[in-house]
Number of protein chains: 4
Amino acid sequence: MNEGRTRPLRADAARNRARLLDVAAEVFTERGLGVTTEEIARAAGVGVGTLFRHFPTKEALLQAVLVRRMERLVADGTELAEREQPAEAFFAAFRLVVDRSAGKEEFARALASAGIDVHAGLGELSGAVRELLERLLTGAQRAGAVRPELGVPELIALLVGTNASMEQLGPDPAAHERIFQVVFAGLRPAPADR
Amino acid sequence: MNEGRTRPLRADAARNRARLLDVAAEVFTERGLGVTTEEIARAAGVGVGTLFRHFPTKEALLQAVLVRRMERLVADGTELAEREQPAEAFFAAFRLVVDRSAGKEEFARALASAGIDVHAGLGELSGAVRELLERLLTGAQRAGAVRPELGVPELIALLVGTNASMEQLGPDPAAHERIFQVVFAGLRPAPADR
Amino acid sequence: MNEGRTRPLRADAARNRARLLDVAAEVFTERGLGVTTEEIARAAGVGVGTLFRHFPTKEALLQAVLVRRMERLVADGTELAEREQPAEAFFAAFRLVVDRSAGKEEFARALASAGIDVHAGLGELSGAVRELLERLLTGAQRAGAVRPELGVPELIALLVGTNASMEQLGPDPAAHERIFQVVFAGLRPAPADR
Amino acid sequence: MNEGRTRPLRADAARNRARLLDVAAEVFTERGLGVTTEEIARAAGVGVGTLFRHFPTKEALLQAVLVRRMERLVADGTELAEREQPAEAFFAAFRLVVDRSAGKEEFARALASAGIDVHAGLGELSGAVRELLERLLTGAQRAGAVRPELGVPELIALLVGTNASMEQLGPDPAAHERIFQVVFAGLRPAPADR
DNA sequence: TATGAATGAGGCTTCATTCAT
DNA sequence: AATGAATGAAGCCTCATTCAT
C-alpha cells in the first residue's frame, strides 16, 4: 500500500550494505584479500556485526563484490554489443573489461583460493558473461576481424592476461595503449602469406 | 667451483637448505602462499626449527625461492641469447620465461603482498634480468622482428600477462599455443599499410 | 475479573508477553539454554526488541519461565494436598513434579550457570514451594508412609534426581514406572527388622 | 631402542598434557562448560596454543577428560567386581560411581550438547562400561539383592539420578547417606507380601 | 510500543616465530 | 645444528543488548 518511497527502516540498512560493498571493493583492491573484516567494517563506518549481518562470511562479501562487478560489466558489454558494429563492439568490450578490472587482479586469486564456492555463487552470472563473450567473439570473427581459431576460453585467458599486463605496468596510459596494440594486432587474423 | 675443503658439518645443513628450497618451490606453487611453515618443513622432512634456522622468515624463504628461479632463468636466457639468432633467441626466451613461470602465478602476488621487501632482496638480480631482457629485446628489434616502440617494461608486462593467460587456461597445450601465436603475432611490427 | 476499562494498548503487550513465555519455555526445553534471543523472538513472532522490552535480560526471561512453571506446580500441588489423603497426596505430587519437569532438566543447569540471580528472583516463590513440600512430606510421614528421617532438602534432591533419571532414560513409560517403583519403595520406612 | 627412561623431549609435553587434563577436569567441574579455553590454559600455566596443540578442539578436551574419568571408573569398578561378593560389589560400585561423579553433573550435559561426537569418542569405552555394569547388576540380581526387573538402562538412570540428587544437596555427607539409603532400599527386591 | 539493524566484547582457533632439549 | 613443543597475537564470527525509525 505504501507505494513510491522506500521504506524508512530499510533505508539505512540498504545504505550500509551498499557502503560495505563499495568500501570492500576498494579496500580489497587496494590492500589485497588479506584485509581484516574489522578494517573493512571500520572503513565503511560500521561495526563488524553489521558487516556479518549483511554478509555471513568474509568470502560471501568478496563474492558479492565480484558479482556486482560482473553484473555491471555484463550490462555495459551488452549495451556495447547492441550499439556497435561487431568488430568495434568486440574491441571496445575488450578494453572495457580490462579497464574495469584495473587494480582488481587479486580478485582472480579469489577464484583459486575461495575456489568452488565463489564460482558457485557466480554460477548463473558466469553463464551470462560467457554468452555475452561468445556473442561478441563470434560476431567479430564473422566480420573477419578476429582469428577464427580462438574460442571463448582463449578470449577469457587473453582478457585476464592483458589485465595482468596492465597491473604489472602500473598507471601509464601510453604503455597500456602499446599493450592493447600488441594484443589487438595479435587477435586479428594472421596474414595469408607465411 | 667449491674452492677448498668441505666443512663436514655444513654438508647436512646445505642439503637441508636445498631440500627446503626445492620443497618450498613445489608446495608454494601447488598449494598457494597460504601453506603453513609447518607443512613446508614436514614436506621437506625437517622440523620447523630447521626451516627458521635457514630462513629467518617465511617471506625470506619465498624470496629465496624466487631468487633461485630467476637465477636459473637468467642463466638459461643468457645461453639462449648467445646461441641463437636475435629473433629466434627472443621468441624462444619468451616461451622459456612463460613456461618456467607456469603454475607460479601466485608468486607474482608475493610482490603485492610482501611488496617492497621481496623486491629489495631481488635487487641485484633484477638488474641482471633487466639487462638480459633488454639485450634480447633490442636484438630482436634491430632484426626487425619486434615492434620498435616496445620497451623492457612492456616486455615484462607481456610476459606476466601471457603467463596469467596460461594460468587461466589450465593445462591445455593446444590452447597455450594459440595464445603464444596471438602474442607473437602482436609483437611483430605492424604492417606498413594502415 | 478485569476491574474496569481495558487499556487497549496493553492488550497486545500482554499477549506478547504470554506468547514469549510460552515459546521460550518450549524452545529452552527443546533446544537448550543456548538458543539465541533472536530465535526465541522469531519463534514468538516478535522482534528481539520486543523480547527485551518485556524481559530486560535473557536470564530474566529464563527466570520468568521458571517462576511460571513453579507457580503452576505449587497451585496443582496445593490442590492435591487438599483433595487427597496425605500418603496419596505425597506420592501423586512426587509424580506430578517429576512429570512436569520432564524435558526441562537443563533448567536445573540455569541454577548453576545463572546461579544466585535466578534463585533471588524465585525467592518468595521458593518459600511457597518449600511450604507445600513440607506440608506434603510431614503429612505422609505422620501417616507412616515415608521414612521419618527425611527432610525437605532430601525430598527436593530426590525429585531432582528422579527427574534426571527420567531424562537419562528417554521416553520409555514402562522404564519410568520402574524407576518410580524403586524410588517410592525406597521412600517408605525401612522394615523394622534389619 | 632407547628403553627405560622417558624421552626427555616428550617429558614436558606429557606433563603439560596431563596438567591440562587435570586442570580442565577441575575447572569444567567447578565453573561449568562455559569456561573459556583461555582460562583453562591459564589455569594450567600454558598458552592457548599449547592447549590446542594437545586437543584440537575445546570439545576434544572435554571428551578426553570424560574418557579418562570413565577409564578410571571402569578400572576401579572391575577391581571391585573381582574382589567382593556380588551384592557387596554392586552397592560399593554404585557408591563409587556416584561419588566419582560428584560435582561433574554438568558433564552429563556434554552428552546432550556435544552429543554424537562425544559419544563417538567414548565409543569403545562405553562398551566396557556397559559390560561392567551388566556384570555387577546380574551378579547382584542372582544373589537376590536387587530387583530382577531392572536392566542396565535403569541402573544407569538411577546412577545419573542419584548423582543429580547429591549435586542438588550440596556437600552434606549425612544427607548423602540418607539418599543412598533410600535408593539402596528401593533397589532391593520388593517384599513378597503386597 | 514494536521492529530489526547496529553494536562490539568476547569466544574459538590458527600459525609464524621462539626456545628448551 | 636439529627438533618440535610452546607461545600469543590476531583473525573470523556470534550473540546479548541497545537504539534509531
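Just so we're on the same page: letters track the sequence lines, and every chain starts at 1.
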Enquirer: I want to confirm an ordering. Mapping D/G49 and D/T37 to their closest nucleotides on DNA chain E, which one lands closer to the 5' end?
Expert: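 Per heavy-atom nearest nucleotide, the more 5' residue is D/T37.
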
Enquirer: Among the candidates F/dG8, E/dA16, F/dA5, find the nucleotide nearest to the side-chain atoms of B/V48.
Expert: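 Looking only at heavy atoms from C-beta outward on B/V48, the closest nucleotide is F/dA5.
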
Enquirer: Roughly how far, to the nearest 0.5 Å, is the CD atom of D/E26 from the CZ atom of D/R31?
Expert: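 The distance works out to 10.0 Å.
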
Enquirer: Select from C/T57 and B/G45 the residue whose nearest nucleotide in DNA chain F is closer to the 5' end of that strand.
Expert: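 The 5'-side residue here is B/G45.
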
Enquirer: Starting from P on E/dA20, measure out to CZ on D/R15 and report it in whole angstrom.
Expert: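 That distance rounds to 15 Å.
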
Enquirer: Whole angstrom is fine here: how far is it from CZ in A/R42 over to P in E/dA6?
Expert: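 It works out to 18 Å between those atoms.
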
Enquirer: Phosphate oxygens OP1/OP2 of F/dA1: is one of them under 4.0 Å from a side-chain N or O of B/H54?
Expert: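 Answer no for this pair, as no side-chain N or O of B/H54 is under 4.0 Å from OP1 or OP2.
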
Enquirer: Need one value for D/T36: base, sugar-phosphate or nothing, where a base atom within 4.0 Å counts as base even if backbone is also close, heavy atoms only.
Expert: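 Contact class for D/T36: sugar-phosphate only.
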
Enquirer: In whole angstrom, what separates D/L51's CG from F/dG8's P?
Expert: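 My rounded result for the distance is 14 Å.
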
Enquirer: Atom CD of B/E39 and atom P of E/dT14: how far apart are they, to the nearest Å?
Expert: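 It is 12 Å, rounded to the nearest whole Å.
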
Enquirer: Please round to the nearest 0.5 Å and tell me the distance separating atom CG of B/L33 and atom CD of B/E59.
Expert: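 Spacing of CG (B/L33) from CD (B/E59) equals 10.5 Å.
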
Enquirer: Mapping D/G47 and C/V35 to their closest nucleotides on DNA chain F, which lands nearer the 5' end?
Expert: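 Upstream on the strand: D/G47.
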
Enquirer: Without decimals, in angstroms, what is the distance between B/F55 CZ and F/dA2 P?
Expert: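 It is 12 Å, rounded to the nearest whole Å.
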
Enquirer: When rounded to the nearest 0.5 angstrom, what is the spacing between OG1 in B/T37 and CG in B/L61?
Expert: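 Answer for the OG1-CG pair, B/T37 versus B/L61, is 9.5 Å.
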
Enquirer: Rounded off to whole Å, could you give me the CZ-to-C1' distance for the B/R31 and E/dC15 pair?
Expert: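 About 14 Å, once rounded to whole Å.
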
Enquirer: For A/I40 and F/dG11, give me the distance from atom CD1 to atom C1', rounded to whole Å.
Expert: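 For the pair A/I40 CD1 and F/dG11 C1', the rounded distance is 12 Å.
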
Enquirer: Taking side chain as C-beta onward, heavy atoms only, is B/V27 less than 4.5 Å from B/E39?
Expert: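 No, too far: nothing below the 4.5 Å cut-off.
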
Enquirer: Rounded at 0.5 Å granularity, tell me how far NZ in B/K58 sits from CZ in B/F28.
Expert: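 If I round to the nearest 0.5 Å, the distance is 5.5 Å.
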
Enquirer: Specify the separation, in whole Å, of atom CG of A/L62 and atom C1' of F/dC12.
Expert: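 The answer, rounded to whole Å, is 15 Å.
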
Enquirer: Searching all strands shown, indicate the nucleotide that pairs with F/dT17 (Watson-Crick or G-U wobble; both distances under 3.5 Å).
Expert: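 E/dA6 is the nucleotide pairing with F/dT17.
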
Enquirer: Which one is paired to F/dA1, where only Watson-Crick or G-U wobble pairs with both distances under 3.5 angstrom count?
Expert: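 Looking at the geometry, F/dA1 pairs with no nucleotide.
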
Enquirer: Of the nucleotides F/dT3, F/dC13, E/dC12, which has the atom closest to the B/T50 side chain?
Expert: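 Nearest to the side chain of B/T50 among the choices is F/dT3.
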
Enquirer: Counting heavy atoms from C-beta on, name the nucleotide in E/dG8, F/dA2, F/dT7 closest to the side chain of B/N16.
Expert: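 Output: F/dA2.
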
Enquirer: Is the shortest distance from a Lys or Arg side-chain nitrogen in A/D22 or A/R15 to a carboxylate oxygen in the other one below 4.0 Å?
Expert: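 No, this pair does not count.
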
Enquirer: What's the closest nucleotide to the B/R53 side chain, out of F/dC15, E/dA2, F/dA2?
Expert: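 For B/R53, the side-chain atoms sit closest to F/dA2.
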
Enquirer: Checking contacts here: which listed nucleotide (F/dA1, E/dA16, E/dA9) is nearest the side-chain heavy atoms of B/K58?
Expert: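 Between F/dA1, E/dA16, E/dA9, the one nearest the side chain of B/K58 would be E/dA16.
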
Enquirer: At 4.0 Å (heavy atoms only), tell me whether A/V46 reaches a base, stays on the sugar-phosphate, or touches nothing.
Expert: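 Result for A/V46 = sugar-phosphate.
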
Enquirer: Return the nearest nucleotide to the side chain of B/F52; candidates are F/dT14, E/dT14, E/dT17.
Expert: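 The nucleotide sitting nearest to the side chain is E/dT17.
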
